[in-house]
Amino acid sequence: MKLEGIHHVTAITGDAPGNVDFYARVLGLRMVKKTVNQDDPTVYHLFYADEKGSPGSDITFFEYPGAPRGRAGAGMVHRVVFRVASNEALTFWEERLTANGVDASLSGDSLVFEDPEGLGLELHALETEDDALVAEHPEIPAELAIQGFDGVRAYTNDPERSRKLLEETLGFSPTGDASWEVRGDKRGSFFVYDQSTERGLQGAGTVHHVAWADEMDEHDAWQKRVAQSEAHPTQIIDRFWFLSIYFREPSGVLFEIATLGPGFATDEDPAHLGEKLVLPPRFEHLRDQIERTVTPIRNPREDWAKADGGG
Ligand code: ZN
């Protein structure tokens with residue numbers, strides 16, 4: 001039983017319109033699902049990914065309108081690293097980010113920057129056999145586009161606390177003192193700790209949790225396996241587009257294990273993912289109320305259709 005790298009990363013935004021603009025327009029990801037937080041259906045849960053909404057490419061945001069900025073500290077992911085194909089891609093992104101008012105710093109094969117609310121992001125140029133998980137965008141050539149997650153970096157005051165759970169329970173393979181590879185049959189990601197004793201503060205621009213991918217038919221076994229460790233997993237929760245369990249690893253980072261299926265095309269035409277507000281069936285009766293309360297946001301793809309003269 002192996003985890004197939006990162007499934008998704010979920011963070012917090014206080015500004016849904018600015019968040020859509022940055023991830024869908026500037027970074028060129030596809031907004032594949034516009035829905036509400038299943039634990040608080042008055043606010044958005046926005047999903048950005050490749051063209052198909054693939055696990056491994058999916059960064060999602062809970063919206064808390066006007067939420068003050070947080071700060072990553074011990075027990076929190078502080079940087080989300082995406083793959084790009086080449087150093088040429090890094091040059092392209094350095095120019096594109098700068099043109100959009102984002103400070104980006106290029107060093108070696110990485111470009112490091114923050115989203116508008118201070119979430120740490122990095123583009124890492126590397127060669128890999130893993131599929132390129134790419135979204136279409138009229139200003140971003142496919143060969144330069146973001147290709148999905150490379151990994152995440154978290155803070156801890158003591159990486160050794162987490163080693164047993166990561167290696168023995170979750171099957172992470174050590175690649176250094178505080179770094180691991182999480183690789184399944186199809187795809188892999190890295191997980192790295194950086195040292196920090198600072199207390200974090202959850203808020204806008206911070207990561208809420210990182211989800212690792214598993215196979216549908218192994219989900220139950222993963223829940224049981226984590227339950228036998230020092231962590232305390234939730235029961236299996238049906239998130240409609242995937243099944244999930246959640247637990248905190250010993251350094252404090254909130255982990256989820258989420259199934260590779262059934263996926264985002266379960267309730268929407270793959271050609272029109274993320275265009276309208278989608279509610280899991282158990283929230284459908286609240287639609288009128290939800291649509292009146294949530295912040296209006298625009299998918300930048302609506303503007304491309306106009307520019308093409310299409311509908
Ligand atoms: Zn999640």
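Counting starts at 1 for both ligands and their atoms, following the listed order. Throughout, residue positions are numbered sequentially from 1 according to the sequence presented.
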Query raised in the report: If Ile, Leu, Val, Met, Phe, Trp and Tyr residues are connected whenever their side-chain heavy atoms lie under 4.5 Å apart, and connections chain through other members, are Leu106 and Phe82 in the same group?
Result: yes
Query - Pairwise side-chain contact, Phe191 with Trp212, heavy-atom cut-off 4.5 Å (strictly under) - result: yes
Report task. Evaluate the ring pair (Phe, Tyr, Trp, His ring centres under 6.0 Å) criterion for residues His45 and Phe61: first the C-alpha distance (whole Å), next the side-chain angles of each, then the deciding distance (0.1 Å), finally the verdict. Result -> CA-CA 6 Å; His45 192 181; Phe61 289 85; 9.0 Å; no
Query - Note: Asp288-Arg292 ion pair, threshold 4.0 Å (strictly below) - result: no
Query raised in the report: Hey, which protein N/O/S atoms does the Zn ion (ligand 1) have under 2.8 Å?
Result: His8 NE2, His209 NE2, Glu256 OE1
Query raised in the report: Using 4.0 Å as the upper bound for N to carboxylate O, is an ion pair formed by Arg69 and Asp15?
Result: no
Query raised in the report: Would you say the ring centroid of Trp180 lies under 6.0 angstrom from that of Tyr193?
Result: yes
